[in-house]
There are 2 protein chains.
Amino acid sequence: MRRLSLYLRSLEELERAGVATVSSQELASRGGTTAAQVRKDLSHFGSFGKRGLGYGVPHLAGELRRILGLSRSWRVALVGAGRMGAALFEYPNFRDRGFRIVTVLDQDPEKVGKEWGGIVIRDVEGLESVLREVRAEIAILTVPGEVVQEVVDRVVDAGIRAILNFAPVRLRVPPGVVVNDVNMALELEALSFALARGARGR
Amino acid sequence: MRRLSLYLRSLEELERAGVATVSSQELASRGGTTAAQVRKDLSHFGSFGKRGLGYGVPHLAGELRRILGLSRSWRVALVGAGRMGAALFEYPNFRDRGFRIVTVLDQDPEKVGKEWGGIVIRDVEGLESVLREVRAEIAILTVPGEVVQEVVDRVVDAGIRAILNFAPVRLRVPPGVVVNDVNMALELEALSFALARGARGR
DNA sequence: TACTTTTTGTGAACGTTTTCACAATCCCCT
DNA sequence: AGGGGATTGTGAAAACGTTCACAAAAAGTA
(Lines give C-alpha, C1' and ligand atoms only; values in the text may rest on other atoms or scores of the structure.)
Protein backbone atom coordinates (compact mmCIF):
# COMPACT_ATOMS: atom_id res chain seq x y z
CA MET A 1 0.00 0.00 0.00
CA ARG A 2 1.74 3.02 -1.40
CA ARG A 3 -0.95 5.45 -0.30
CA LEU A 4 -0.09 4.81 3.34
CA SER A 5 3.19 6.65 2.81
CA LEU A 6 1.31 9.61 1.42
CA TYR A 7 -1.03 9.66 4.39
CA LEU A 8 1.96 9.57 6.70
CA ARG A 9 3.50 12.52 4.89
CA SER A 10 0.26 14.51 5.40
CA LEU A 11 0.06 13.45 9.02
CA GLU A 12 3.57 14.65 9.70
CA GLU A 13 2.68 18.04 8.25
CA LEU A 14 -0.37 18.17 10.49
CA GLU A 15 1.74 17.06 13.44
CA ARG A 16 4.14 19.91 12.87
CA ALA A 17 1.18 22.28 12.60
CA GLY A 18 -0.01 21.02 15.98
CA VAL A 19 -3.32 19.64 14.70
CA ALA A 20 -4.68 17.07 17.14
CA THR A 21 -7.21 15.23 15.04
CA VAL A 22 -8.04 14.76 11.37
CA SER A 23 -10.98 13.33 9.42
CA SER A 24 -10.72 10.86 6.57
CA GLN A 25 -12.13 13.65 4.39
CA GLU A 26 -9.23 15.96 5.22
CA LEU A 27 -6.63 13.22 4.73
CA ALA A 28 -8.23 12.33 1.43
CA SER A 29 -8.06 15.79 -0.05
CA ARG A 30 -4.44 16.17 1.01
CA GLY A 31 -3.53 12.77 -0.41
CA GLY A 32 -5.44 13.19 -3.64
CA THR A 33 -7.96 10.42 -3.01
CA THR A 34 -11.41 9.96 -1.46
CA ALA A 35 -12.54 9.70 2.12
CA ALA A 36 -13.87 6.17 1.61
CA GLN A 37 -10.53 5.14 0.17
CA VAL A 38 -8.66 6.44 3.19
CA ARG A 39 -10.94 4.59 5.57
CA LYS A 40 -10.72 1.34 3.59
CA ASP A 41 -6.95 1.58 3.45
CA LEU A 42 -6.61 2.15 7.16
CA SER A 43 -9.25 -0.35 8.19
CA HIS A 44 -7.20 -3.03 6.48
CA PHE A 45 -4.63 -2.72 9.22
CA GLY A 46 -6.81 -1.98 12.21
CA SER A 47 -9.30 0.44 13.66
CA PHE A 48 -7.47 3.65 14.41
CA GLY A 49 -10.18 6.33 14.42
CA LYS A 50 -12.93 7.49 16.73
CA ARG A 51 -16.38 7.75 15.22
CA GLY A 52 -17.70 11.25 15.12
CA LEU A 53 -14.28 12.65 15.81
CA GLY A 54 -11.74 11.42 13.30
CA TYR A 55 -8.21 10.13 13.73
CA GLY A 56 -5.75 11.27 16.37
CA VAL A 57 -2.89 12.73 14.38
CA PRO A 58 0.06 11.59 16.52
CA HIS A 59 -1.50 8.20 17.17
CA LEU A 60 -2.26 7.45 13.53
CA ALA A 61 1.18 8.70 12.47
CA GLY A 62 2.72 6.29 14.96
CA GLU A 63 0.61 3.40 13.73
CA LEU A 64 1.52 4.13 10.10
CA ARG A 65 5.20 4.31 10.97
CA ARG A 66 4.89 0.96 12.66
CA ILE A 67 3.00 -0.57 9.71
CA LEU A 68 5.49 0.83 7.19
CA GLY A 69 8.46 -0.28 9.26
CA LEU A 70 9.59 3.31 9.76
CA SER A 71 9.60 3.29 13.55
CA ARG A 72 13.13 1.94 13.34
CA SER A 73 16.04 2.95 11.16
CA TRP A 74 17.39 0.89 8.27
CA ARG A 75 21.00 0.29 7.31
CA VAL A 76 21.44 0.99 3.61
CA ALA A 77 24.35 0.15 1.28
CA LEU A 78 24.81 2.29 -1.81
CA VAL A 79 26.46 0.45 -4.70
CA GLY A 80 27.61 2.73 -7.51
CA ALA A 81 29.21 6.07 -6.69
CA GLY A 82 28.43 7.81 -9.96
CA ARG A 83 26.40 10.96 -10.34
CA MET A 84 23.17 9.27 -9.45
CA GLY A 85 24.75 7.67 -6.39
CA ALA A 86 26.06 11.06 -5.31
CA ALA A 87 22.63 12.63 -5.70
CA LEU A 88 20.99 9.90 -3.64
CA PHE A 89 23.70 10.03 -0.99
CA GLU A 90 22.83 13.67 -0.37
CA TYR A 91 19.09 13.18 -0.65
CA PRO A 92 17.73 14.53 2.64
CA ASN A 93 14.46 12.60 2.54
CA PHE A 94 16.26 9.31 3.01
CA ARG A 95 17.96 10.21 6.26
CA ASP A 96 14.86 12.01 7.54
CA ARG A 97 12.87 8.82 7.16
CA GLY A 98 15.33 6.58 8.92
CA PHE A 99 17.29 5.27 5.95
CA ARG A 100 20.96 5.55 6.89
CA ILE A 101 23.52 4.98 4.17
CA VAL A 102 26.20 3.10 6.08
CA THR A 103 28.51 2.24 3.18
CA VAL A 104 29.23 3.26 -0.40
CA LEU A 105 30.90 0.96 -2.91
CA ASP A 106 32.23 1.47 -6.40
CA GLN A 107 34.20 -0.42 -8.99
CA ASP A 108 36.37 2.50 -10.13
CA PRO A 109 39.84 2.53 -8.42
CA GLU A 110 39.84 6.31 -8.85
CA LYS A 111 36.86 6.60 -6.53
CA VAL A 112 37.72 3.88 -4.01
CA GLY A 113 39.24 5.46 -0.91
CA LYS A 114 37.65 8.86 -1.48
CA GLU A 115 35.46 10.11 1.30
CA TRP A 116 31.83 11.21 1.02
CA GLY A 117 30.54 12.99 4.10
CA GLY A 118 32.60 10.87 6.44
CA ILE A 119 32.07 7.59 4.58
CA VAL A 120 34.98 6.03 2.72
CA ILE A 121 34.10 4.55 -0.66
CA ARG A 122 35.02 0.87 -0.68
CA ASP A 123 35.92 -1.39 -3.55
CA VAL A 124 33.04 -3.42 -4.93
CA GLU A 125 35.56 -6.26 -5.06
CA GLY A 126 34.94 -6.99 -1.39
CA LEU A 127 31.20 -6.36 -1.57
CA GLU A 128 30.05 -9.43 0.32
CA SER A 129 32.32 -8.94 3.30
CA VAL A 130 31.72 -5.18 3.46
CA LEU A 131 27.96 -5.62 3.42
CA ARG A 132 28.16 -8.21 6.19
CA GLU A 133 30.59 -6.06 8.19
CA VAL A 134 28.30 -3.01 8.16
CA ARG A 135 25.18 -5.19 8.58
CA ALA A 136 23.43 -3.60 5.59
CA GLU A 137 19.75 -4.50 5.21
CA ILE A 138 18.82 -2.66 2.03
CA ALA A 139 20.91 -2.08 -1.12
CA ILE A 140 20.48 0.87 -3.47
CA LEU A 141 21.99 0.02 -6.85
CA THR A 142 23.06 2.82 -9.18
CA VAL A 143 25.34 0.74 -11.37
CA PRO A 144 25.23 0.37 -15.17
CA GLY A 145 22.64 -2.02 -16.58
CA GLU A 146 25.33 -4.26 -18.03
CA VAL A 147 26.60 -5.29 -14.60
CA VAL A 148 23.55 -4.86 -12.40
CA GLN A 149 22.47 -8.51 -12.46
CA GLU A 150 25.91 -9.62 -11.28
CA VAL A 151 25.81 -7.07 -8.46
CA VAL A 152 22.33 -8.25 -7.53
CA ASP A 153 23.49 -11.85 -7.26
CA ARG A 154 26.31 -10.75 -4.99
CA VAL A 155 24.27 -8.51 -2.67
CA VAL A 156 21.73 -11.30 -2.34
CA ASP A 157 24.59 -13.66 -1.43
CA ALA A 158 25.61 -11.13 1.19
CA GLY A 159 22.21 -11.48 2.82
CA ILE A 160 20.42 -8.43 1.42
CA ARG A 161 16.68 -8.96 1.09
CA ALA A 162 15.55 -5.59 -0.27
CA ILE A 163 16.90 -3.80 -3.35
CA LEU A 164 16.19 -0.42 -4.88
CA ASN A 165 17.30 -0.66 -8.50
CA PHE A 166 17.97 2.31 -10.77
CA ALA A 167 19.13 0.35 -13.82
CA PRO A 168 16.53 -0.09 -16.58
CA VAL A 169 16.82 -3.86 -16.40
CA ARG A 170 14.47 -6.46 -14.98
CA LEU A 171 16.30 -8.17 -12.15
CA ARG A 172 16.07 -11.84 -11.37
CA VAL A 173 16.15 -12.56 -7.66
CA PRO A 174 15.35 -15.61 -5.53
CA PRO A 175 12.05 -15.73 -3.63
CA GLY A 176 12.15 -13.73 -0.42
CA VAL A 177 14.04 -10.82 -1.95
CA VAL A 178 12.07 -7.67 -2.77
CA VAL A 179 13.07 -5.46 -5.66
CA ASN A 180 11.79 -1.98 -6.41
CA ASP A 181 12.66 -0.32 -9.68
CA VAL A 182 13.07 3.38 -10.34
CA ASN A 183 13.06 3.87 -14.07
CA MET A 184 13.19 7.51 -14.96
CA ALA A 185 13.29 6.99 -18.71
CA LEU A 186 10.00 5.16 -18.36
CA GLU A 187 8.45 8.11 -16.56
CA LEU A 188 9.51 10.43 -19.36
CA GLU A 189 8.06 8.01 -21.88
CA ALA A 190 4.75 8.13 -20.06
CA LEU A 191 4.79 11.90 -20.57
CA SER A 192 5.67 11.46 -24.21
CA PHE A 193 2.78 9.03 -24.56
CA ALA A 194 0.38 11.49 -22.96
CA LEU A 195 1.55 14.37 -25.13
CA ALA A 196 1.41 12.24 -28.26
CA ARG A 197 -2.25 11.45 -27.72
CA GLY A 198 -3.11 14.98 -26.69
CA ALA A 199 -2.67 15.59 -22.99
CA ARG A 200 -6.01 15.45 -21.30
CA GLY A 201 -4.78 16.19 -17.77
CA ARG A 202 -5.03 13.66 -14.98
CA MET B 1 0.15 1.90 -20.63
CA ARG B 2 3.48 1.57 -18.90
CA ARG B 3 4.07 -1.98 -20.06
CA LEU B 4 4.36 -0.82 -23.66
CA SER B 5 7.66 0.84 -22.77
CA LEU B 6 8.90 -2.41 -21.32
CA TYR B 7 7.93 -4.29 -24.45
CA LEU B 8 9.74 -1.73 -26.53
CA ARG B 9 12.86 -2.16 -24.43
CA SER B 10 12.76 -5.93 -25.05
CA LEU B 11 12.10 -5.43 -28.73
CA GLU B 12 15.12 -3.18 -29.06
CA GLU B 13 17.29 -5.84 -27.46
CA LEU B 14 15.91 -8.40 -29.89
CA GLU B 15 16.45 -5.96 -32.75
CA ARG B 16 20.10 -5.59 -31.83
CA ALA B 17 20.39 -9.37 -31.60
CA GLY B 18 18.99 -9.59 -35.13
CA VAL B 19 15.90 -11.56 -34.18
CA ALA B 20 13.24 -11.21 -36.88
CA THR B 21 10.12 -12.30 -35.08
CA VAL B 22 8.92 -12.80 -31.51
CA SER B 23 5.92 -14.47 -29.88
CA SER B 24 3.74 -12.94 -27.19
CA GLN B 25 5.04 -15.70 -24.93
CA GLU B 26 8.64 -14.58 -25.39
CA LEU B 27 7.80 -10.90 -24.92
CA ALA B 28 5.83 -11.79 -21.81
CA SER B 29 8.66 -13.61 -20.08
CA ARG B 30 11.08 -10.81 -20.87
CA GLY B 31 8.66 -8.19 -19.64
CA GLY B 32 7.61 -10.07 -16.53
CA THR B 33 4.00 -10.61 -17.50
CA THR B 34 1.84 -13.15 -19.33
CA ALA B 35 1.34 -13.88 -23.00
CA ALA B 36 -2.36 -13.02 -22.83
CA GLN B 37 -1.52 -9.70 -21.22
CA VAL B 38 0.90 -8.83 -24.00
CA ARG B 39 -1.66 -9.64 -26.67
CA LYS B 40 -4.42 -7.66 -24.91
CA ASP B 41 -2.14 -4.68 -24.48
CA LEU B 42 -1.10 -4.65 -28.11
CA SER B 43 -4.55 -5.41 -29.51
CA HIS B 44 -5.78 -2.27 -27.83
CA PHE B 45 -3.82 -0.23 -30.35
CA GLY B 46 -4.11 -2.38 -33.43
CA SER B 47 -3.39 -5.78 -34.87
CA PHE B 48 0.35 -6.04 -35.25
CA GLY B 49 1.04 -9.79 -35.27
CA LYS B 50 0.69 -12.65 -37.65
CA ARG B 51 -1.16 -15.73 -36.37
CA GLY B 52 1.01 -18.77 -36.15
CA LEU B 53 4.13 -16.70 -36.49
CA GLY B 54 4.27 -13.93 -33.89
CA TYR B 55 5.22 -10.29 -34.18
CA GLY B 56 7.78 -8.86 -36.58
CA VAL B 57 10.38 -7.35 -34.28
CA PRO B 58 11.29 -4.21 -36.29
CA HIS B 59 7.69 -3.59 -37.28
CA LEU B 60 6.30 -3.88 -33.75
CA ALA B 61 9.13 -1.75 -32.37
CA GLY B 62 8.25 0.92 -34.90
CA GLU B 63 4.57 0.78 -34.02
CA LEU B 64 5.32 1.04 -30.30
CA ARG B 65 7.62 4.01 -30.88
CA ARG B 66 4.83 5.67 -32.80
CA ILE B 67 2.24 4.91 -30.10
CA LEU B 68 4.54 6.10 -27.32
CA GLY B 69 5.46 9.24 -29.21
CA LEU B 70 9.12 8.21 -29.40
CA SER B 71 9.46 8.35 -33.17
CA ARG B 72 10.28 12.02 -32.77
CA SER B 73 12.53 13.80 -30.29
CA TRP B 74 11.31 15.96 -27.41
CA ARG B 75 12.74 19.24 -26.18
CA VAL B 76 13.23 19.08 -22.42
CA ALA B 77 13.96 21.84 -19.91
CA LEU B 78 15.73 20.92 -16.70
CA VAL B 79 14.87 23.21 -13.78
CA GLY B 80 17.15 22.76 -10.77
CA ALA B 81 20.88 22.26 -11.30
CA GLY B 82 21.61 20.51 -8.02
CA ARG B 83 23.05 17.03 -7.65
CA MET B 84 19.91 15.35 -8.89
CA GLY B 85 19.74 17.66 -11.86
CA ALA B 86 23.36 16.89 -12.67
CA ALA B 87 22.70 13.15 -12.48
CA LEU B 88 19.71 13.43 -14.80
CA PHE B 89 21.56 15.70 -17.21
CA GLU B 90 24.13 12.96 -17.73
CA TYR B 91 21.63 10.13 -17.78
CA PRO B 92 22.28 8.40 -21.11
CA ASN B 93 18.87 6.78 -21.37
CA PHE B 94 17.18 10.13 -21.84
CA ARG B 95 19.15 11.15 -24.89
CA ASP B 96 19.03 7.63 -26.34
CA ARG B 97 15.25 7.76 -26.27
CA GLY B 98 14.91 11.11 -27.94
CA PHE B 99 14.65 13.34 -24.88
CA ARG B 100 17.02 16.25 -25.51
CA ILE B 101 17.74 18.58 -22.63
CA VAL B 102 17.83 21.93 -24.39
CA THR B 103 18.17 24.20 -21.38
CA VAL B 104 19.11 24.09 -17.70
CA LEU B 105 17.91 26.66 -15.18
CA ASP B 106 18.78 27.34 -11.55
CA GLN B 107 18.08 29.93 -8.92
CA ASP B 108 21.61 30.03 -7.47
CA PRO B 109 23.70 32.95 -8.89
CA GLU B 110 26.81 30.81 -8.28
CA LYS B 111 25.57 28.28 -10.82
CA VAL B 112 24.03 30.61 -13.38
CA GLY B 113 26.43 31.12 -16.30
CA LYS B 114 28.32 27.88 -15.66
CA GLU B 115 28.36 25.48 -18.56
CA TRP B 116 27.24 21.84 -18.52
CA GLY B 117 28.25 19.90 -21.60
CA GLY B 118 27.84 22.89 -23.86
CA ILE B 119 24.69 24.22 -22.22
CA VAL B 120 24.85 27.42 -20.21
CA ILE B 121 22.86 27.38 -16.98
CA ARG B 122 20.33 30.20 -17.07
CA ASP B 123 18.70 32.11 -14.25
CA VAL B 124 15.30 30.80 -13.19
CA GLU B 125 14.35 34.49 -13.01
CA GLY B 126 13.73 34.51 -16.75
CA LEU B 127 12.14 31.08 -16.83
CA GLU B 128 9.11 31.92 -18.96
CA SER B 129 11.05 33.63 -21.73
CA VAL B 130 13.85 31.02 -21.74
CA LEU B 131 11.38 28.17 -22.03
CA ARG B 132 9.60 29.89 -24.92
CA GLU B 133 12.89 30.77 -26.59
CA VAL B 134 14.14 27.15 -26.60
CA ARG B 135 10.65 25.82 -27.39
CA ALA B 136 10.72 23.38 -24.47
CA GLU B 137 7.89 20.83 -24.42
CA ILE B 138 8.63 18.90 -21.24
CA ALA B 139 9.99 20.17 -17.91
CA ILE B 140 11.98 18.08 -15.46
CA LEU B 141 11.84 19.65 -12.01
CA THR B 142 14.55 18.89 -9.46
CA VAL B 143 13.90 21.85 -7.20
CA PRO B 144 13.21 21.81 -3.45
CA GLY B 145 9.68 20.96 -2.35
CA GLU B 146 9.20 24.38 -0.81
CA VAL B 147 9.35 26.15 -4.17
CA VAL B 148 8.19 23.47 -6.60
CA GLN B 149 4.57 24.63 -6.79
CA GLU B 150 5.67 28.13 -7.74
CA VAL B 151 7.97 26.73 -10.43
CA VAL B 152 5.13 24.56 -11.71
CA ASP B 153 2.83 27.54 -12.07
CA ARG B 154 5.51 29.35 -14.04
CA VAL B 155 6.42 26.52 -16.40
CA VAL B 156 2.72 26.01 -17.08
CA ASP B 157 2.44 29.71 -17.86
CA ALA B 158 5.33 29.24 -20.26
CA GLY B 159 3.29 26.69 -22.19
CA ILE B 160 4.69 23.44 -20.78
CA ARG B 161 2.13 20.64 -20.78
CA ALA B 162 4.18 17.76 -19.35
CA ILE B 163 6.14 17.76 -16.09
CA LEU B 164 8.42 15.21 -14.46
CA ASN B 165 8.52 16.11 -10.78
CA PHE B 166 11.15 14.89 -8.30
CA ALA B 167 9.92 16.83 -5.26
CA PRO B 168 7.87 14.82 -2.74
CA VAL B 169 4.93 17.19 -3.09
CA ARG B 170 1.59 16.77 -4.80
CA LEU B 171 1.43 19.34 -7.57
CA ARG B 172 -1.66 21.25 -8.56
CA VAL B 173 -1.89 21.87 -12.29
CA PRO B 174 -4.66 23.01 -14.62
CA PRO B 175 -6.44 20.43 -16.81
CA GLY B 176 -4.46 19.53 -19.89
CA VAL B 177 -1.14 19.39 -18.07
CA VAL B 178 0.29 15.94 -17.27
CA VAL B 179 2.43 15.41 -14.20
CA ASN B 180 4.54 12.38 -13.38
CA ASP B 181 6.12 12.03 -9.96
CA VAL B 182 9.34 10.27 -9.08
CA ASN B 183 9.43 9.83 -5.33
CA MET B 184 12.45 7.83 -4.28
CA ALA B 185 11.77 8.02 -0.57
CA LEU B 186 8.45 6.36 -1.27
CA GLU B 187 10.18 3.52 -3.09
CA LEU B 188 12.45 2.94 -0.11
CA GLU B 189 9.44 2.97 2.17
CA ALA B 190 7.85 0.27 0.08
CA LEU B 191 10.94 -1.85 0.72
CA SER B 192 10.78 -1.07 4.42
CA PHE B 193 7.13 -2.11 4.41
CA ALA B 194 7.94 -5.39 2.70
CA LEU B 195 10.81 -6.15 5.06
CA ALA B 196 8.70 -5.26 8.09
CA ARG B 197 6.04 -7.80 7.18
CA GLY B 198 8.57 -10.44 6.24
CA ALA B 199 9.66 -10.23 2.62
CA ARG B 200 7.86 -12.81 0.60
CA GLY B 201 9.44 -12.02 -2.75
CA ARG B 202 7.45 -10.81 -5.72
C1' DT C 1 -31.01 11.32 29.85
C1' DA C 2 -32.52 11.99 25.18
C1' DC C 3 -31.55 14.30 20.93
C1' DT C 4 -28.44 16.05 17.26
C1' DT C 5 -24.31 16.12 14.75
C1' DT C 6 -20.36 14.18 13.09
C1' DT C 7 -17.56 10.65 11.33
C1' DT C 8 -15.90 5.93 11.35
C1' DG C 9 -15.98 1.01 9.75
C1' DT C 10 -17.77 -2.01 6.42
C1' DG C 11 -20.91 -4.93 3.40
C1' DA C 12 -22.64 -4.45 -1.16
C1' DA C 13 -22.53 -2.44 -5.81
C1' DC C 14 -19.80 -1.03 -9.29
C1' DG C 15 -15.92 -0.64 -12.51
C1' DT C 16 -11.52 -1.90 -14.20
C1' DT C 17 -7.85 -5.08 -15.09
C1' DT C 18 -6.21 -9.68 -15.65
C1' DT C 19 -6.70 -14.34 -16.94
C1' DC C 20 -8.85 -18.00 -19.54
C1' DA C 21 -10.09 -20.40 -23.50
C1' DC C 22 -10.79 -21.05 -28.17
C1' DA C 23 -11.96 -20.00 -33.04
C1' DA C 24 -9.57 -17.75 -36.81
C1' DT C 25 -5.48 -17.41 -39.36
C1' DC C 26 -1.04 -18.16 -41.14
C1' DC C 27 3.20 -20.75 -42.43
C1' DC C 28 5.43 -24.98 -43.52
C1' DC C 29 5.83 -29.56 -45.01
C1' DT C 30 4.70 -33.25 -47.77
C1' DA D 1 -3.07 -28.63 -52.73
C1' DG D 2 -4.21 -30.10 -48.34
C1' DG D 3 -3.18 -31.24 -43.48
C1' DG D 4 -0.57 -30.07 -39.17
C1' DG D 5 1.35 -27.11 -35.83
C1' DA D 6 1.84 -22.64 -34.02
C1' DT D 7 0.23 -18.32 -32.43
C1' DT D 8 -2.77 -14.34 -32.64
C1' DG D 9 -7.03 -11.65 -31.47
C1' DT D 10 -10.87 -11.52 -28.55
C1' DG D 11 -15.22 -12.52 -26.11
C1' DA D 12 -16.37 -14.35 -21.48
C1' DA D 13 -15.06 -15.31 -16.70
C1' DA D 14 -12.54 -14.27 -12.73
C1' DA D 15 -10.00 -11.34 -9.75
C1' DC D 16 -9.09 -7.12 -7.99
C1' DG D 17 -9.71 -2.35 -6.53
C1' DT D 18 -12.78 1.65 -5.81
C1' DT D 19 -16.96 3.89 -4.61
C1' DC D 20 -21.40 3.98 -2.36
C1' DA D 21 -24.36 4.04 1.37
C1' DC D 22 -25.62 3.37 5.88
C1' DA D 23 -25.68 1.45 10.60
C1' DA D 24 -22.84 2.00 14.72
C1' DA D 25 -20.47 4.91 17.73
C1' DA D 26 -18.82 9.07 19.96
C1' DA D 27 -19.26 13.72 21.73
C1' DG D 28 -21.62 17.88 22.58
C1' DT D 29 -26.11 20.15 24.05
C1' DA D 30 -29.94 20.93 26.58
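In what follows, chains are A, B, ... by sequence order, proteins preceding strands, each numbered from 1.
The span of DNA chain C lying next to chain A, judged by atoms under 4.0 Å from heavy atoms, is bounded 5' to 3' by C:dT6 to C:dA12.
Nearest-nucleotide mapping onto DNA chain D: of A:Lys50 and A:Thr34, the residue sitting toward the 5' end is A:Thr34. Place B:Thr33 and A:Ser24 on DNA chain C by their nearest nucleotides, and A:Ser24 ends up nearer the 5' end. A residue-by-residue look at A:Asp41 and B:Leu42 shows that B:Leu42 has its nearest nucleotide of DNA chain D further toward the 5' end. When the nearest nucleotides of DNA chain C are assigned to A:Gly52 and A:Gly46 by heavy-atom distance, the more 5′-ward of the two goes with A:Gly52.
With salt bridges taken as basic N to acidic carboxylate O contacts below 4.0 Å, none links B:Glu189 and A:Arg2. B:Glu15 and B:Arg65 are joined by a salt bridge, as a carboxylate oxygen and a charged side-chain nitrogen come within less than 4.0 angstrom of each other. A salt bridge links A:Arg66 with A:Glu63: at least one charged nitrogen is closer than 4.0 Å to a carboxylate oxygen. A salt bridge is absent between B:Arg95 and B:Glu90: the closest approach of a Lys/Arg side-chain nitrogen to an acidic carboxylate oxygen does not fall below 4.0 angstrom.
Applying the ring pair (Phe, Tyr, Trp, His ring centres under 6.0 Å) test to pairs two or more places apart or on separate chains, those with a residue in residues 115-135 of chain A are A:Phe89-A:Trp116. Applying the side chain to side chain donor-acceptor pair (under 3.5 Å) test to pairs two or more places apart or on separate chains, those with a residue in residues 71-80 of chain B are A:Ser192-B:Trp74, B:Arg72-B:Glu137.
Put simply, CD on B:Gln25 is 16 Å from C1' on D:dG9, counting in whole angstrom units. Straight-line distance from the CG atom of B:Leu27 to the P atom of D:dA6: 19 Å, rounded to whole Å. The nearest whole Å value for the distance from the NE2 atom in A:His44 to the C1' atom in D:dT18 is 13 Å. In this structure, A:Met1 atom CE and D:dC16 atom C1' are separated by 11 Å, rounded to whole Å. B:Phe45 has its CZ atom 14 Å from the P atom of D:dG9, to the nearest Å. Rounded to a whole Å, the CZ atom of B:Arg39 is 13 Å from the C1' atom of D:dG11. Rounded to an integer number of Å, the gap from A:Gln37 CD to D:dG17 C1' is 8 Å.
If you check D:dT7, D:dT19, D:dG11 against the side chain of B:Ser23, the one that comes closest is D:dT7.
The base of D:dT7 has none of its N or O atoms less than 3.5 Å from a complementary donor or acceptor on the side chain of B:Arg51.
In terms of phosphate contacts, B:Tyr55 brings a side-chain nitrogen or oxygen within less than 4.0 Å of OP1 or OP2 of D:dG9.
A donor-acceptor pair is defined here as one N or O able to donate and one able to accept, closer than 3.5 Å; such a pair exists between the side chain of B:Gln149 and the backbone of B:Arg172.
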